[in-house]
Amino acid sequence: SPAPFDLSLGASTKPGLRNELLIRHYYQGADSFQHIPGDPGLAFLLEAPGVRVTSGTNVTWRLSSADRAAGVPKQTNQYGFTFEYDAVRAPDAWRPLSSAECARRADDGPLVRRPVAPSVTLPAVPCRLVAEGELDGSPAPDDIAKGMDATAMTPCALGTPVGPEHFPRGFYYLLDLGREETGLLDLEFDTDANVVVDIGHAEHAENGRIRAFVGGRRFAGRYRAKGGCQSWTRWQRRIAGRFIQLHVRGAKPRFTLHRVSLKPALLPVNERPAPAGLSDLQRKIWETSVRTLRLCMHEHY
């Protein structure tokens, strides 16, 4: 199962101040198109004027208590796991690293620069709310994707937004990014603690809803909110689609949705110019085809 963990190191650069370097590392622990399992580890060197920070026994680490690890289902065999994030859980205590844990194996070989440049993350794209309404009062399902598809939804009348009267049974939002995107899920809302927000994504929407469970593949995850205004980006893996659907349960008379979107994350490429002599229609086909290829690129290709 996925086992995300944090590393932290204190380094003083000014008297009386403590500067902390926090590195978040995601280890999937299972084979997929995007990941080859192995022994997880991290070696780092950070240099700046008057500062040199390295990995070693002065580093402490901890598992991420908010990211559920055991029992999270795979989205697909090709693309790894879905997610469940609990913002209410208190963080675990930091643990020291032993000399044995810091010893590098002799057969690791020399470090080499990665052959593919990392993807570039862009600002969140604008999206619009296209449907909202009330859920059927059912509890948050154990199987998130199947539950999102099975939950009955009653749309609000045109021009009538979701309000506190819909909170006891739960409510939903459907948002349209305007076109296909691939990137990092980005959320911001203000609510009470322990509100459960199930999040599905899809290329298509029909009758005011998406399909989150398709042929054994799951396109949904869960965020359990802490109290107050909170902003969260799922940095571990990209998702894709045009539509994002939220199912919200357990809200008290306070839930304000500020933002749900994707931050596009695309690999940098050098695009060839379009062939000369294209008609307007042919140029549109060319541009659409090139963008489709970019959206389908992954680090493993």
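Being a predicted model, the structure only gives us computed values, none of them experimental.
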Checklist entry - side chain to side chain contact (heavy atoms under 4.5 Å, CB included) between Val53 and Phe44: does it pass, once the steps are laid out? => result CA-CA 8 Å; Val53 180; Phe44 64 88; 3.9 Å; yes
Locate the shortest heavy-atom distance separating [X] from [Y]; write the atom from each residue and the value.
| X | Y | value |
| --- | --- | --- |
| Ser32 | Gln28 | OG-NE2, 3.1 Å |
| Arg52 | Glu47 | NE-OE2, 3.1 Å |
| Leu135 | His247 | CD1-CB, 3.9 Å |
| Pro264 | Val125 | CG-CG1, 3.4 Å |
| Leu267 | Ala117 | CD2-O, 3.5 Å |
| Phe83 | Val72 | N-CG1, 4.1 Å |

Checklist entry - After noting the C-alpha distance and the side-chain angles of Arg24 and Trp235, does the key distance pass the side chain to side chain contact (heavy atoms under 4.5 Å, CB included) rule? => result CA-CA 10 Å; Arg24 305 167 100 186; Trp235 57 269; 3.3 Å; yes
Say whether, by atom type as modelled, one donor and one acceptor occur between the side chain of [X] and the main chain of [Y] under 3.5 angstrom.
| X | Y | result |
| --- | --- | --- |
| Arg249 | Ser138 | yes |
| Glu84 | Arg68 | no |
| Arg89 | Ser64 | no |
| Arg237 | Phe81 | yes |
| Arg62 | Pro91 | no |
| Ser65 | Ala90 | yes |

Taking side-chain contact (heavy atoms from CB on, under 4.5 Å) as the test, write out the residues that go with [X], two or more places apart.
| X | result |
| --- | --- |
| Val269 | Glu271, Arg294, Met297 |
| Arg272 | none |
| Asp149 | Arg211, Ala212, Phe213 |

Item to check | Carboxylate-amine/guanidinium contact Arg291 Glu181, below 4.0 Å | outcome: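 Between Glu181 and Arg291 there is a salt bridge, with a charged N closer than 4.0 Å to a carboxylate O.
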Next on the checklist: What I want to find out is whether Arg169 reaches Asp136 closely enough, with some N-O distance under 4.0 Å, to be called a salt bridge.
Outcome noted: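 Salt bridge between Arg169 and Asp136, a charged N being under 4.0 Å from a carboxylate O: no.
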Next on the checklist: Are Ile199 and Leu175 connected into the same hydrophobic cluster when the rule is that any two of I, L, V, M, F, W, Y join if their side-chain heavy atoms are below 4.5 Å apart?
Outcome noted: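 The answer is yes; both residues are in one hydrophobic cluster.
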Checklist entry - In the single-linkage hydrophobic clustering (I, L, V, M, F, W, Y; side-chain heavy atoms under 4.5 Å), do Val260 and Val162 co-cluster? => result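 Yes, it is one cluster - the side chains of Val260 and Val162 are joined through contacts under 4.5 Å.
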Next on the checklist: Taking atom CD as the centre, does Glu165 end up with more than 12 heavy-atom neighbours from other residues, nucleotides or ligands that are less than 6.0 angstrom away?
Outcome noted: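 Buried by this count: over 12 neighbours within 6.0 Å.
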Next on the checklist: So for atom CD1, which belongs to Ile36, do other residues, nucleotides or ligands contribute more than 12 heavy atoms lying within a distance under 6.0 Å?
Outcome noted: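 Open.
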Next on the checklist: Please evaluate residues Asp198 and Arg222 with respect to the criterion side chain to side chain contact (heavy atoms under 4.5 Å, CB included), reporting the C-alpha separation (whole Å), side-chain torsions for both, the decisive distance (0.1 Å), and the verdict.
Outcome noted: CA-CA 4 Å; Asp198 289 343; Arg222 174 168 293 166; 2.6 Å; yes
Checklist entry - Any idea how His201 and Phe219 line up, ring-wise: parallel (<30°), tilted (30 to 60°), or perpendicular (>60°)? => result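 It falls in the perpendicular class, over 60°.
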Checklist entry - Mind checking whether Phe171 and Phe255 have parallel, tilted or perpendicular rings, split at 30° and 60°? => result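 Phe171 and Phe255: perpendicular rings.
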Checklist entry - Should Arg209 and Leu174 be marked as a side chain to side chain contact (heavy atoms under 4.5 Å, CB included) after you check the CA-CA gap, both sets of side-chain angles, and the distance that decides it? => result CA-CA 7 Å; Arg209 67 186 305 157; Leu174 178 65; 5.8 Å; no
Are side-chain heavy atoms of [X] and [Y] found at a separation under 4.5 Å?
| X | Y | result |
| --- | --- | --- |
| Arg128 | Asp176 | yes |
| Arg242 | Glu180 | yes |
| Val195 | Arg224 | no |
| Leu97 | Ser55 | no |
| Leu185 | Trp232 | yes |
| Thr191 | Val197 | no |
| Thr57 | Pro96 | no |
| Tyr26 | Asp67 | no |

Item to check | Those residues that, when tested against Arg95, pass side-chain hydrogen bond (donor to acceptor under 3.5 Å, both in side chains) (two or more places apart) | outcome: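 Per chain and number, Arg95 pairs via side-chain hydrogen bond (donor to acceptor under 3.5 Å, both in side chains) with no residue.
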Checklist entry - Looking at Glu188, His258, Arg259, which one forms a side chain to side chain donor-acceptor pair (under 3.5 Å) with Ser231? => result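 One option only clears the test, and that one is Arg259.
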Item to check | Sub-6.0 Å ring centroid separation between Phe189 and Tyr223 | outcome: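 Yes, ring centres under 6.0 Å apart.
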Checklist entry - Would Trp61 and Tyr27 count as a close aromatic pair, with their ring centres under 6.0 Å? => result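 No, the ring centres sit 6.0 Å or more apart.
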Item to check | OG1-CZ distance between Thr182 and Arg238, expressed to the nearest 0.5 angstrom | outcome: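 Atom-to-atom, Thr182:OG1 and Arg238:CZ are 5.0 Å apart.
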Next on the checklist: Could you measure the distance from the OG1 atom of Thr82 to the CD1 atom of Ile239? Nearest 0.5 Å is fine.
Outcome noted: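 That separation rounds to 11.5 Å.
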Item to check | Remaining members of hydrophobic cluster (4.5 Å side-chain criterion), Leu281 | outcome: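 Noted: Leu281 shares its cluster with Ile285.
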Item to check | ring-ring contact (aromatic ring centres under 6.0 Å, His included): pairs with one or both residues in residues 274-297, sequence neighbours excluded | outcome: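 Those involving residues 274-297 do not exist here.
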